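Before I ask anything, let me first share the structure, which is written out below as structure tokens.
The basis for the numbers below is simple: all heavy atoms, side chains too, and nothing from hydrogens, waters or symmetry mates. Convention: sequence-line order gives letters A, B, ...; per-chain numbering from 1. On a predicted model such as this, the values are computed, not experimentally measured, just so you know.
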2 protein chains.
Amino acid sequence: MKVNLHEVLRQTLSPGINLTEEEWAIVFNCCKAKTTKRNEILLEKGKISQYLYFVVKGCLRIFLIDEDGQEATRFLIFEGSFGTAFPSFTLRQQSSAAIQSIEPSELLMISHADYQMLLNTMPGWERMTRLGLQQDYIDAIIRIESLITMDAKQRYDILMKKNPKIIQRLPGKFVADYLGISQETLSRLKARRK
Amino acid sequence: MKVNLHEVLRQTLSPGINLTEEEWAIVFNCCKAKTTKRNEILLEKGKISQYLYFVVKGCLRIFLIDEDGQEATRFLIFEGSFGTAFPSFTLRQQSSAAIQSIEPSELLMISHADYQMLLNTMPGWERMTRLGLQQDYIDAIIRIESLITMDAKQRYDILMKKNPKIIQRLPGKFVADYLGISQETLSRLKARRK
DNA sequence: CCTATTTAATGACTTTTGTCAACTTTCGTT
DNA sequence: AACGAAAGTTGACAAAAGTCATTAAATAGG
């Protein structure tokens with residue numbers, strides 16, 4: 001059972017990483033399994049993010065809440081991806097974002113201490129981390145570009161093309177605040193496009 | 001003379017990196033110096049970015065141009081920072097962005113081949129790269145958040161607080177399209193705030 | 001299978017931002 | 001220092017998106 005979770009992780013990582021069996025065993029040993037309910041909060045705003053999560057099944061949402069309760073989705077993490085409140089996890093600072101599992105999910109979690117240990121003892125892990133960061137950074141750049149150059153409709157169309165599962169699978173309010181628009185605007189966008 | 005450029009680089013990198021003198025020599029050997037004029041184009045849209053630049057003096061701008069000539073600034077790179085058209089440089093793809101030096105600048109440039117060579121032969125370089133990416137990614141996350149949660153005025157105020165040199169030093173049109181707003185809106189923002 | 005809760009859609013109106021155009025100021029360059 | 005180009009400002013108007021309120025539809029979870 002737990003082995004299955006590990007295999008999912010291994011299959012996800014293996015393209016970019018070359019570890020010995022012993023090393024894989026150490027990595028697996030750093031992973032705690034966790035099952036969450038719909039809308040369960042994994043990290044509250046203001047706390048320091050202690051875990052890097054790997055989503056085996058389900059979906060995580062990293063989001064911000066302002067004083068008047070307005071939410072904005074920083075990231076959505078689906079099956080086969082890692083995610084956490086990255087600035088908090090990395091810099092050991094209070095998190096401006098919260099984490100919730102918006103679907104019942106199966107997760108693996110790696111503590112910050114173990115993450116650092118792996119970085120310091122396993123060159124293959126550092127390489128994998130670098131490659132992962134590289135891709136995450138590129139994705140962030142693309143998102144920035146879409147925000148500074150496109151209007152809401154264009155951003156919606158791109159998302160539909162590049163990542164339709166976000167739109168198909170999640171309630172519109174998450175899609176809306178991921179795109180940086182209001183729920184009503186999203187609803188009107190959908191109506192407009194035919 | 002060239003030694004000075006190298007020392008700037010070394011002082012920038014040394015906090016996060018631990019290299020032997022021999023290794024520093026190899027790194028320096030990978031750096032070509034380049035002097036640019038105001039508004040000189042270093043990379044045209046559609047080409048593959050072959051160099052990672054380190055700004056010793058001056059300022060680079062990584063920017064997008066759409067069909068009707070509208071520009072949007074993806075990044076501004078000042079003294080002491082690295083920059084390039086990152087997705088293109090990393091993935092070896094045609095760049096959607098161009099690079100220009102908006103001030104006369106002194107640069108060091110590292111070719112993609114050398115960059116890869118350093119990654120593959122020098123663990124300290126890979127570590128530095130990871131740490132740099134970590135910070136760049138965090139900065140990107142913060143920028144995404146400002147774009148999805150704030151209006152133009154708030155973004156301007158934050159920029160003024162966090163990075164006033166961008167506003168003080170650069171023509172407003174660059175500031176405007178870095179913030180994702182029009183030049184006129186920026187001008188009105190400035191007038192409004194007193 | 002039901003129902004409380006969540007989510008989506010829509011109208012009316014406001015606010016923000018963009019666009020176009022004219023004009024002024026600043027600044028590079030010689 | 002002076003000229004020409006680039007940048008900045010401002011007004012009038014248009015377009016995009018947000019807000020508030022209400023109603024309808026969908027869905028989670030017993």
**OP:** For Ser88(A), enumerate each residue passing the side-chain hydrogen bond (donor to acceptor under 3.5 Å, both in side chains) test, keeping only those at least two apart in sequence or located in another chain.
**Re:**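 Here no residue qualifies.
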
**OP:** Would you kindly give the OH-to-P distance between Tyr156(B) and dG8(D), to the nearest whole Å?
**Re:**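 Rounded to the whole Å, the gap is 11 Å.
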
**OP:** Please report, rounded to the nearest Å, how far the P atom of dA6(D) is from the CG atom of Asn39(B).
**Re:**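 The answer, rounded to whole Å, is 9 Å.
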
**OP:** Scan nucleotides 16-24 of chain C nucleotide by nucleotide, 5' to 3', and note B when protein non-hydrogen atoms come under 4.0 Å of the base, S if they reach only the sugar-phosphate, - if neither.
**Re:** -SSBBB---

Subject >> d(CD, Glu103(B); P, dA6(D)) in whole Å >> reply: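 Atom-to-atom, Glu103(B) to dA6(D), this comes out as 18 Å.
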
Original post:
So, do Phe174(B) and Phe63(B) have ring centers that fall under 6.0 Å from each other?
Top reply: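 Centroid separation for Phe174(B) and Phe63(B): 6.0 Å or greater.
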
**OP:** Specify the separation, in whole Å, of atom CD1 of Ile148(A) and atom P of dA16(D).
**Re:**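 Spelled out: CD1 on Ile148(A) to P on dA16(D) is 20 Å.
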
**OP:** Rounded to 10°, tell me the angle between the two end axes of the helix from dC1(C)-dG30(D) to dT30(C)-dA1(D), each built from five pairs.
**Re:**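 Here the local axes at opposite ends form an angle of 70°.
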
Subject >> Close side-chain approach of Ser95(A) to Leu43(A), heavy-atom, < 4.5 Å >> reply: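 Yes; the side chains approach each other to less than 4.5 Å.
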
**OP:** Check Tyr53(B), Phe54(B), Tyr51(B) against Phe82(B) for a ring-ring contact (aromatic ring centres under 6.0 Å, His included) and give me the one that passes.
**Re:**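 Of all the options given, the one that passes is Phe54(B).
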
Original post:
Is it the case that more than 12 heavy atoms not belonging to Gln154(B) sit under 6.0 Å from its CD atom?
Top reply: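 Above 12, so yes.
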
Subject >> Rounded interatomic separation in angstrom, taking CD from Gln183(A) and P from dT10(C) >> reply: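 After rounding, the reported distance stands at 14 Å.
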
Give the table of side-chain donor-acceptor pairs shorter than 3.5 Å for residues 178-187 of chain A, with sequence neighbours excluded, one pair per line with atom names and distance.
unit_1: Ser182(A); atom_1: OG; unit_2: Thr185(A); atom_2: N; d: 3.2
unit_1: Ser182(A); atom_1: OG; unit_2: Thr185(A); atom_2: OG1; d: 3.0

Original post:
Hey, does Leu147(A) have a side-chain heavy atom less than 4.5 Å from the side chain of Ile148(B)?
Top reply: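 SC-SC contact between Ile148(B) and Leu147(A) confirmed.
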
Original post:
Is any side-chain heavy atom of Ile167(A) less than 4.5 Å from a side-chain heavy atom of Tyr156(A)?
Top reply: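 Sidechains of Tyr156(A) and Ile167(A): in contact.
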
Subject >> Whole-Å gap separating C1' (dA7(D)) and CZ (Arg38(B)) >> reply: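 Taking CZ of Arg38(B) and C1' of dA7(D), I get 10 Å after rounding.
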
**OP:** Within residues 167-177 of chain B, find the residues that approach DNA chain C with a heavy atom at under 4.0 Å, and present them sorted by residue number.
**Re:**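 Here the set is empty: none.
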
Original post:
Are Phe89(B) and Tyr115(B) near enough that their ring centres are under 6.0 Å apart?
Top reply: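 Yes, the ring of Phe89(B) comes within the 6.0 Å limit of the ring of Tyr115(B), centre to centre.
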
**OP:** Check whether any side-chain heavy atom of Thr149(B) lies under 4.5 Å from a side-chain heavy atom of Asp66(A), and answer yes or no.
**Re:**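 When only atoms from C-beta onward are counted, Asp66(A) and Thr149(B) do not touch, as no gap falls below 4.5 Å.
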
Original post:
Can you list the residues that meet the side-chain hydrogen bond (donor to acceptor under 3.5 Å, both in side chains) rule with Ser14(B), with sequence neighbours excluded?
Top reply: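 Checked Ser14(B) against side-chain hydrogen bond (donor to acceptor under 3.5 Å, both in side chains); zero matches.
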
